[in-house]
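Read the numbers this way: they start at 1 and go in the same order the structure lists the ligands and their atoms.
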Amino acid sequence: MDSLKAISESDPPATGKRRIDELLEEVSENCVECGLCVSECSFLEAYGTPRSIAKSYDPSSSSSHSLPFECSLCSLCTAVCPYGVKPKELFLEMRREAIRRGAAPEKQHRALTGYEKAGTSRLLTWRGLPEGCDTVFFPGCALPGTRPGTTFDTFRKLRETIPSLGVVLDCCTKPSHDLGREEYFSATFGELKGWLLDRGVKRVLVACPNCWKVFTDYMPEVAVETVYEALPREERSVLEGVNVTIHDSCVMRFAGDAQSAVRALAGSTGAKVVEMVHSGEKTLCCGEGGAVGYVAPKLASTWGLKRAKEAGELPVVTFCAGCANHLSSRIKVCHVLDLISGPKETLEGKVRVGKSPFTYLNRLRLKARFKKEVKTAHSGERPPLPGTSGSKLKLLLGVAALVALVIGVRASGLGQYLEQERLRELIAGFGVWAPALYMLFYTLAPSLFLPGLPITIVGGILFGPVWGVIYTITSATAGACLAFLVSRYLARDWVEARLTGPRWRKLDEEVAKNGWKVVAFTRLVPLFPFNLLNYALGLTKIGFLPYAAASFVCMLPATIAYIVFSSSLLDLLRGKASLGLIAGIALVAAVSFLPAIVKKFLRRKGADETILK
Ligand code: SF4
Ligand code: SF4
Ligand code: SF4
């Protein structure tokens, strides 16, 4: 069953991920303790050479788990090491291990994970792809929040040379990546990646260095470029005679092309670019890296102080809104996108930069602006991850709507017309016609992309818990089979043309390897939309009978739960809490945990957890 997990939302997080033992061994063997990296880094100064940290790592000690959260993950050690040691990789893996063991300082990071969560919410996200779009602008979170106007202007400038440019307002979830929250990162970024690839996106233009890193490392299927490389340059002499310096983001220390492009943009204003001691590959972290400030603020501030000392009186130009924000308390700093829009005003500090909590408002306004501006062929907000607050919010709204309905029915006196027994007597009067019509409708529904849940609820109300389950599971299975047969024998080309993304290809490969188990898994864990899944499975090599049997068995638990619940729904509307209703609510709650239980079970069986996300 291990490979079943490969069909889930995303690929394993680290392309070439290596586990902690290998990394400990590698650092212990290759670090000769020359001290070069130690002299550059306050974290290593405090804790010793990478080799000594690796040698003293003890998974049973809490200090081994808190220590890596004080490393900025800036990779300066990698850049200066003459022996090719990559200590940052070890410290990141130590963070992941701390999370796996429940020993990470998660409480201290709540503000950051909350910020990230807001960035991936339906409210703040939006994806708009025009007809023929294969390139999207991904501005990230910090730039739209602090500089909505600049973000919008950047999009417009880019669109002059890329007319079908799309836009994606979302968070790359790098904070979770760096905090070692592999599972969350993989599921969240995986959803975004799947959405973009399914719609034929081939190039992503980013403005945030962290987004650049995430897309470069985890989405090798597309070309990733910075807007600084893609923007047209307009040579001017407005800042002639002015010296500026560049703060390269530590995340992009090895991205020479982007660094050169930023220098060229800054130089296009007429200003002269003067280099600091630490620049390019040897740049310093601004102090924000690795979220160190949440657990060791003093240590984090040493980076900012070093940077300020090197910059002196020179105005600093950055290409990361996060760095600009972090350094602004110490030095005169600006964003290169502001600098090219209004060179003088920017250096005079006249450009408005949004501060929290107004950054959220800015992002909302920007979303509305983009929605108005971009004519889309594909659009939408990020869907909530199964089992996350998004789906919990839906559940809460559903409960609130139900309570309002109950109050409304009681207050209006309509309850007398909603007697279950009277309704069922009325239905029985139609003989076989009522169930026959219901089943016919349900059988056709999946092929017509009609949602199954409302029909199931009607089934429970009209036919009660026993016949409701029998009619519903039979016709729901028949409907799934009909869509499967239509896809396999009648509309193969039409379906194939619509299911072109890598997720669907993976599904095909996994069915070829694991047959009915994949059908069972995807029925229990809603990784794919139900109606589309029926069509997709019709294209795979699975036999009709195993498909039908696995669908029947695995759809049964949810069918029973919703029918038992809805068969007492009229009682609820009349304000009566019957035993059937309580049982129905308990069953619905139980089936909502099924996906998590199935995933846990597969993990226990030894499956590689990262593929399940
Ligand atoms: S990644 Fe940066 S903070 Fe961490 S050890 Fe290396 S140089 Fe120090
Ligand atoms: S520079 Fe390389 S060899 Fe020297 S202490 Fe650092 S990791 Fe070890
Ligand atoms: S990495 Fe970019 S998108 Fe992600 S939180 Fe930071 S600024 Fe936002």
Side-chain angles (χ1 to χ4, degrees), residues 14 18 20 22-57 63-98 104-105 108-109 112 174-175 177-180 209-210 213-214 217 247-255 276-310 320 322-323 326-327:
R18 290 167 300 167
I20 191 133
E22 286 173 58
L23 287 163
L24 285 168
E25 203 184 309
E26 197 178 297
V27 171
S28 302
E29 272 177 15
N30 298 331
C31 169
V32 300
E33 303 198 293
C34 70
L36 265 178
C37 58
V38 181
S39 64
E40 295 280 7
C41 162
S42 314
F43 162 71
L44 294 175
E45 254 173 39
Y47 292 104
T49 63
R51 182 170 189 270
S52 68
I53 294 175
K55 282 278 180 197
S56 60
Y57 179 74
S63 58
S64 280
H65 296 307
S66 58
L67 177 144
F69 291 92
E70 296 188 29
C71 159
S72 300
L73 304 176
C74 71
S75 288
L76 180 57
C77 44
T78 303
V80 299
C81 179
Y83 301 92
V85 184
K86 294 175 178 168
K88 176 222 145 175
E89 284 187 26
L90 170 63
F91 300 135
L92 176 59
E93 197 53 42
M94 281 165 72
R95 286 179 171 211
R96 290 175 177 156
E97 190 60 23
Q108 284 97 312
H109 293 126
L112 178 61
K174 178 78 162 25
H177 174 276
D178 284 358
L179 293 177
N210 281 301
K213 183 82 181 135
V214 167
D217 286 354
H247 166 69
D248 295 299
S249 160
C250 63
V251 183
M252 291 187 75
R253 68 171 66 250
F254 299 115
M276 285 186 274
V277 180
H278 287 89
S279 63
E281 287 195 358
K282 304 270 171 72
T283 188
L284 298 173
C285 171
C286 66
E288 177 132 292
V292 177
Y294 292 85
V295 291
K298 263 194 177 166
L299 192 62
S301 69
T302 59
W303 293 107
L305 287 170
K306 276 188 199 175
R307 190 35 110 204
K309 206 170 158 199
E310 280 191 10
C320 171
C323 293
H326 201 78
L327 290 171

#### Entry: Separation between CD of Glu97 and CG of Leu23, rounded to the nearest 0.5 Å
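If we round to the nearest 0.5 Å, Glu97:CD and Leu23:CG are 11.0 Å apart.
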#### Entry: Spacing of Arg51 atom CZ and Lys55 atom NZ [to the nearest 0.5 Å]
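Between atom CZ of Arg51 and atom NZ of Lys55 there are 5.0 Å.
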### Message
So, at under 2.8 Å, which protein N, O or S atoms would a careful student list around atom 4 (Fe) of ligand 2?
### Response
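Protein N/O/S atoms under 2.8 Å of atom 4 (Fe) of ligand 2: Cys34 SG.
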### Message
I want to check something: taking the side chain as every heavy atom from C-beta on, are Cys81 and Cys37 in contact at a cut-off of under 4.5 Å?
### Response
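Heavy-atom side-chain distance check fails, nothing below 4.5 Å.
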### Message
Under the rule for side chain to side chain contact (heavy atoms under 4.5 Å, CB included), what residues qualify as partners of Ser42, not counting sequence neighbours?
### Response
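Applying side chain to side chain contact (heavy atoms under 4.5 Å, CB included) to Ser42 gives Leu299, Thr302, Lys306.
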### Task
Not counting sequence neighbours, which residues clear side chain to side chain contact (heavy atoms under 4.5 Å, CB included) with His247? List them please.
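His247: side chain to side chain contact (heavy atoms under 4.5 Å, CB included) contacts with Met276, Thr283, Cys286, Arg307, Val316, Thr318, Cys323, Leu327.
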### Message
Pair Val27, Ile53 - check side-chain contact (heavy atoms from CB on, under 4.5 Å), show working.
### Response
CA-CA 9 Å; Val27 171; Ile53 294 175; over 6 Å; no
### Query
Listing residue and atom name, which protein N/O/S atoms are closer to atom 4 (Fe) of ligand 1 than 2.8 Å?
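Counting only protein N, O or S atoms under 2.8 Å from atom 4 (Fe) of ligand 1, the list reads Cys71 SG.
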### Query
Do you know which two heavy atoms are closest between Leu24 and Leu90, and how far apart they sit?
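It is CD2-CD1, 3.6 Å.
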### Task
Considering non-hydrogen atoms only, spot the tightest contact between Tyr294 and Gln108 and give its length.
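In terms of heavy atoms, the two residues are closest at CD2-O, 3.5 Å.
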### Task
Show which atoms of ligand 1 fall inside a sub-4.0 Å distance from at least one heavy-atom site of Trp303.
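Listed by number with element: 3 (S).
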### Task
Walk me through it: do Leu92 and His177 pass the test side-chain contact (heavy atoms from CB on, under 4.5 Å)?
CA-CA 9 Å; Leu92 176 59; His177 174 276; 3.7 Å; yes
### Task
Report the relative orientation of the aromatic rings in Phe69 and His109; use parallel for angles under 30°, tilted for 30 to 60°, perpendicular for over 60°.
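The arrangement is tilted - the two ring planes meet at 30° to 60°.
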